[in-house]
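In what follows, a single structure is set out as structure tokens and then discussed.
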Amino acid sequence: LIPLMPESENFVDLFSGGGSVYTNVVCKYENVFINDIISELIDFQRCIINESIEDILKIINFLNIEKDDQDKYYELREDFNLTRDPYKLYVLMMCCTNNMIRFNKSKEFNQSFGKRNFNSSSEKKLRVFHEHIKDFKEKLHFSSVDFFDFELKYDSFYYIDPPYSNTDAGYNVFWNEDDDLRLVDYCLALDSIGSKFMVSGVREHNNKKCRLLDELSYLGYTQINIEKKYNKVSRVGDKETDEVVFINY
């Protein structure tokens with residue numbers, strides 16, 4: 001995706017998740033705006049740039065769970081759902097099945113125990129991430145709001161990777177076709193002020209179409225096909241997945 005991204009003063013990662021996109025383009029833009037509705041994800045990323053790596057590791061290692069300690073995992077999961085502590089969410093991510101975030105409709109973390117934990121490899125990755133991102137501290141701006149409440153910005157490029165209304169994943173539990181249509185309106189508003197956007201999505205998955213992408217196609221925005229296979233991480237065999245991006249530039 002990076003070669004497709006235009007120059008701009010501001011970069012907005014509207015659905016940033018764990019931050020894999022903005023961390024790879026942070027050097028290209030003067031200001032980087034990072035938003036996700038899961039506030040604990042945003043809070044942990046704030047911690048990484050504002051705290052020393054040794055202090056961060058001290059907390060993580062205190063909370064860490066042995067690979068065979070299922071009871072402690074579920075105790076920590078219950079504790080996180082009460083306290084919403086970002087460090088606890090990170091440790092749960094390191095210990096849960098497939099290291100994937102999953103919430104139920106009550107916004108409780110509900111991923112199962114994965115018989116894994118924060119280890120030397122995890123620490124190395126966290127140190128590399130911390131060392132990379134701290135150099136850009138002054139240009140990073142964090143928020144945790146519904147995308148429609150994120151203020152429209154002129155002279156900006158928006159990367160928009162929302163939950164997909166036509167695929168099955170735990171992070172899609174809060175998203176439906178009404179949200180697809182709200183996002184279409186948001187894209188139209190961006191277009192009207194001259195800002196650029198790239199919207200990622202799956203045009204068709206298991207014969208189910210995405211309302212958001214169908215609407216963007218109908219409105220005449222440019223579609224670019226992404227050649228990527230996900231069968232290795234799919235829970236059910238061979239799935240036909242038509243992944244695309246739509247751009248307005």
Side-chain angles (χ1 to χ4, degrees), residues 2 5 9-69 71-103 107-109 111 113-145 150-151 153 156 159 161 171:
I2 292 175
M5 294 181 174
E9 179 179 345
N10 304 316
F11 175 82
V12 179
D13 198 348
L14 196 60
F15 298 84
S16 65
S20 59
V21 175
Y22 82 81
T23 55
N24 281 283
V25 300
V26 66
C27 59
K28 294 180 58 174
Y29 299 93
E30 293 182 31
N31 295 292
V32 176
F33 296 88
I34 302 147
N35 181 71
D36 197 274
I37 195 67
I38 302 176
S39 60
E40 297 83 13
L41 266 181
I42 294 297
D43 288 343
F44 186 73
Q45 290 169 68
R46 278 198 185 105
C47 290
I48 290 176
I49 68 166
N50 289 317
E51 307 294 336
S52 77
I53 188 62
E54 299 307 327
D55 287 344
I56 293 169
L57 289 170
K58 187 181 296 183
I59 296 172
I60 290 171
N61 284 316
F62 175 76
L63 294 170
N64 199 19
I65 296 166
E66 296 298 326
K67 286 184 178 181
D68 60 351
D69 198 344
D71 290 342
K72 186 176 179 182
Y73 174 83
Y74 287 111
E75 287 174 11
L76 184 65
R77 193 178 77 173
E78 183 178 356
D79 193 29
F80 164 74
N81 286 326
L82 291 172
T83 64
R84 314 306 291 194
D85 183 294
Y87 283 97
K88 292 174 183 176
L89 177 60
Y90 179 76
V91 171
L92 287 169
M93 288 164 53
M94 293 296 99
C95 300
C96 71
T97 302
N98 296 328
N99 300 123
M100 290 184 177
I101 294 180
R102 294 291 183 267
F103 288 87
K107 298 186 178 180
E108 295 175 325
F109 185 86
Q111 184 68 306
F113 183 48
K115 296 183 179 180
R116 60 182 71 199
N117 63 2
F118 184 81
N119 53 38
S120 59
S121 177
S122 310
E123 179 176 334
K124 181 180 179 180
K125 292 174 184 177
L126 189 59
R127 285 184 181 276
V128 169
F129 180 75
H130 180 272
E131 188 64 25
H132 166 69
I133 206 65
K134 69 181 179 61
D135 293 336
F136 303 104
K137 179 178 179 179
E138 300 306 318
K139 65 165 69 176
L140 301 178
H141 310 277
F142 293 95
S143 62
S144 182
V145 297
F150 189 88
E151 182 182 0
K153 297 184 183 299
S156 300
Y159 176 65
D161 185 29
Y171 47 78

Is a donor on one side and an acceptor on the other found under 3.5 Å between the side chain of [X] and the backbone of [Y]?
X	Y	answer
Asn64	Phe118	yes
Asn117	Ile65	yes
Arg77	Gln111	yes
Ser156	Phe11	no
Asp43	Asp85	no
Glu40	Tyr90	no
Lys139	Tyr29	yes

Output the distance between atom [atom1] ([X]) and atom [atom2] ([Y]), rounded to the nearest 0.5 Å.
X	Y	atom1	atom2	answer
Phe113	Lys67	CZ	NZ	10.0 Å
Leu41	Ser16	CG	OG	7.0 Å
Glu108	Asn81	CD	CG	5.0 Å
Cys95	Lys115	SG	NZ	13.5 Å
Leu76	Leu92	CG	CG	4.0 Å
Met93	Asn98	CE	CG	12.5 Å

Report task. For Ile48 and Phe129, run side-chain contact (heavy atoms from CB on, under 4.5 Å): C-alpha distance rounded to whole Å, both residues' side-chain angles, the deciding distance at 0.1 Å, then the answer. Result -> CA-CA 8 Å; Ile48 290 176; Phe129 180 75; 3.6 Å; yes
Side chain proximity check, [X] to [Y], heavy atoms < 4.5 angstrom:
X	Y	result
Asp71	Asp69	yes
Asn35	Val12	no
Asp36	Phe142	no
Leu63	Tyr87	yes
Ile38	Phe44	no
Leu126	Met94	no
Ile60	Glu123	no
Asn119	Ser122	yes

State, to 0.1 Å, how close [X] and [Y] come at their nearest heavy-atom pair, and which atoms those are.
X	Y	answer
His132	Val26	NE2-CG1, 3.8 Å
Lys88	Thr83	NZ-OG1, 3.6 Å
Asn31	Asn10	ND2-OD1, 3.1 Å
Ser144	Ser39	OG-CA, 3.1 Å
Asp161	Phe15	O-CB, 3.3 Å
Val25	Ile2	CG1-CG1, 3.9 Å

Query raised in the report: Do other residues, nucleotides or ligands put more than 12 heavy atoms under 6.0 Å from Lys107 NZ?
Result: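 For Lys107, atom NZ is not crowded (no more than 12 foreign heavy atoms under 6.0 Å).
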Query raised in the report: So does Glu9 have more than 12 non-hydrogen atoms from other groups sitting under 6.0 Å from CD?
Result: yes
Query raised in the report: Once the angle between the rings of Phe109 and Phe103 is folded into 0 to 90°, is it parallel (under 30°), tilted (30 to 60°) or perpendicular (over 60°)?
Result: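 Ring orientation, 0 to 90° scale: perpendicular.
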Report task. Using the salt bridge (Lys or Arg N to Asp or Glu O under 4.0 Å) rule, take Lys134 and Glu51 through it: C-alpha gap first, then chi angles, then the decisive distance, then the call. Result -> CA-CA 10 Å; Lys134 69 181 179 61; Glu51 307 294 336; over 6 Å; no
**Report entry** Stepwise side-chain contact (heavy atoms from CB on, under 4.5 Å) test for Val32 and Asp13
**Finding:** CA-CA 8 Å; Val32 176; Asp13 198 348; 5.8 Å; no
Query raised in the report: Can a cation-pi geometry be assigned to Lys153 and Phe33, taking NZ or CZ under 6.0 Å from the six-membered ring centre and within 45° of the ring axis?
Result: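 Yes, a cation-pi geometry.
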Query raised in the report: Does the distance from a Lys or Arg side-chain N to an Asp or Glu carboxylate O, for Arg127 and Glu131, drop under 4.0 Å?
Result: no
